[in-house]
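Here the structure is a predicted model, which means the values were calculated and not measured. Below, chain A is the first sequence line, B the second, and so on; all start at residue 1. Below, each value reflects all heavy atoms present in this structure, side chains not excepted, and no hydrogens, waters or symmetry copies.
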Protein chains: 2
Amino acid sequence: MRYGIGALSRDTGCNIETIRYYERIGLLPEPPRSAGGHRTYAAEHTRTLDFILRARTMGFSLAEIRRLLSLSEAEAPCDDVQAMALTHISAIRNRIAELEQLAATLQNATNRCAGNSAPHCPVIDTLFDDAKSA
Amino acid sequence: MRYGIGALSRDTGCNIETIRYYERIGLLPEPPRSAGGHRTYAAEHTRTLDFILRARTMGFSLAEIRRLLSLSEAEAPCDDVQAMALTHISAIRNRIAELEQLAATLQNATNRCAGNSAPHCPVIDTLFDDAKSA
DNA sequence: CTACAATCCGTAGCGGCTACGGATTCAAGT
DNA sequence: ACTTGAATCCGTAGCCGCTACGGATTGTAG
């Protein structure tokens, strides 16, 4: 029925310190305490924490998750949530494009120094001299 | 010949505070000072700072850049640099794969709520219920 | 009732900056 | 030479999302 922070941590895979952190910043509701002051959680908390963790792996910031959580309690959140998700998707796609550009540039440079032990390194040159980076 | 931190900032596009920060953590060499204590830079510093900034846009951490800088002064750095670059490339590719998975999952969820103003939101559901996320 | 595990809390650190603010110092104009 | 206003000085603290530390208390099984 009720369990401690250790059990919640094991169930969700979330670090104990992180659970307390989420509570401190108001993401996770404050659970009731035992007589001695220990936090006592129930299924509700596990559910919310799982939500937070999944949203994190989706790349949402804690501020965004805060909004998602409050939207999840609202009447008709679908439009708002969809808007957030779409914004997020385009941010992700932009990031992917940047990273692909990066990988290509680096790959290009490393190709030029493959099997080469010479003192003059193409990768270093790429970093020193912008002209070669394309 | 010699110029102040403001000029270096303008030349490189790097924030003044960031320049001082890089000096503080030992990335950028300490420049000579004027009689009154102002930093006086020369082309050498601009070159190094450009290197750092380009390495940053390549996604190298400051710790990695520190290594790259010291390698750039070594005799035959090519092998070591290439190893770092290859490691970095594979990290980037992994990150891209993660992001693509993310975008796909989110896209999937948003598609299911497109044009839908109903109170029951598929994106929220995806976050609450792992089973639907695939 | 004794051990020993679990949990408590506050504080400080990480990376990579960015911002603030009061005290200088510099460069240009007169 | 002197004044003014911009530039720079420095230290400190804040941002995010945790993570680690450590000494004091509680909880629980034998």
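Between Y21(A) and N15(A) there is no side-chain heavy-atom pair separated by less than 4.5 Å. Side-chain contact between I92(A) and L106(B) is present, with at least one heavy-atom pair separated by less than 4.5 Å. The closest side-chain heavy-atom distance from L69(B) to I52(B) is below 4.5 Å. A 4.5 Å side-chain heavy-atom check between Q107(A) and R93(B) finds at least one atom pair inside the cut-off.
Here the OG1-CZ distance, from T126(B) to R112(B), works out to 4.5 Å after rounding to the nearest 0.5 Å. Between the CD1 atom of I25(B) and the CG atom of L62(B) there is a distance of 5.0 Å, given to the nearest 0.5 Å.
Taking atom CG of L8(B) as the reference point, atom C1' of dA7(D) lies 14 Å away to the nearest angstrom. Atom CD1 in I19(B) sits roughly 9 Å away from atom P in dT8(D) (whole-Å rounding).
Shown for residues 20-34 of chain A: residues whose heavy atoms fall under 4.0 angstrom of DNA chain C, namely R20(A), R33(A). The stretch residues 62-70 of chain B has no heavy atom under 4.0 Å from DNA chain D, so no residue of it qualifies as close.
For N15(B), the listed nucleotide lying nearest its side chain is dA19(C); candidates were dT8(D), dT19(D), dA19(C). Taking every side-chain heavy atom of I5(A) into account, dT7(C) is the closest of dA7(D), dT7(C), dA20(D). Here dG17(D) is the nucleotide among dG16(C), dA6(C), dG17(D) with the atom lying nearest to any side-chain atom of S61(A).
Heavy-atom nearest nucleotides on DNA chain D were determined for G36(A) and for Y3(B), and the one closer to the 5' end corresponds to Y3(B). Between E17(A) and H38(A), the residue whose closest nucleotide on DNA chain D is further toward the 5' end is E17(A).
In this structure, R2(A) does not reach the dG27(D) phosphate: none of its side-chain N or O atoms is under 4.0 Å from OP1 or OP2. A close approach under 4.0 Å does not occur between any side-chain nitrogen or oxygen of T18(B) and OP1 or OP2 of dG16(C). Between dC8(C) and R39(A), a contact under 4.0 Å exists linking OP1 or OP2 to a side-chain N or O.
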**Request:** Assess whether salt bridge (charged side-chain N to carboxylate O under 4.0 Å, His left out) is satisfied between R67(A) and E64(A), documenting all intermediate values.
**Result:** CA-CA 5 Å; R67(A) 277 202 46 204; E64(A) 286 169 323; over 6 Å; no
**Item:** Full working for salt bridge (charged side-chain N to carboxylate O under 4.0 Å, His left out) between E44(A) and R47(A)
**Value:** CA-CA 5 Å; E44(A) 167 98 7; R47(A) 190 173 141 81; 5.9 Å; no
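The side chain to side chain donor-acceptor pair (under 3.5 Å) contacts involving residues 24-41 of chain B comprise E23(B)-R39(B), where partners must be two or more places apart or lie in separate chains.
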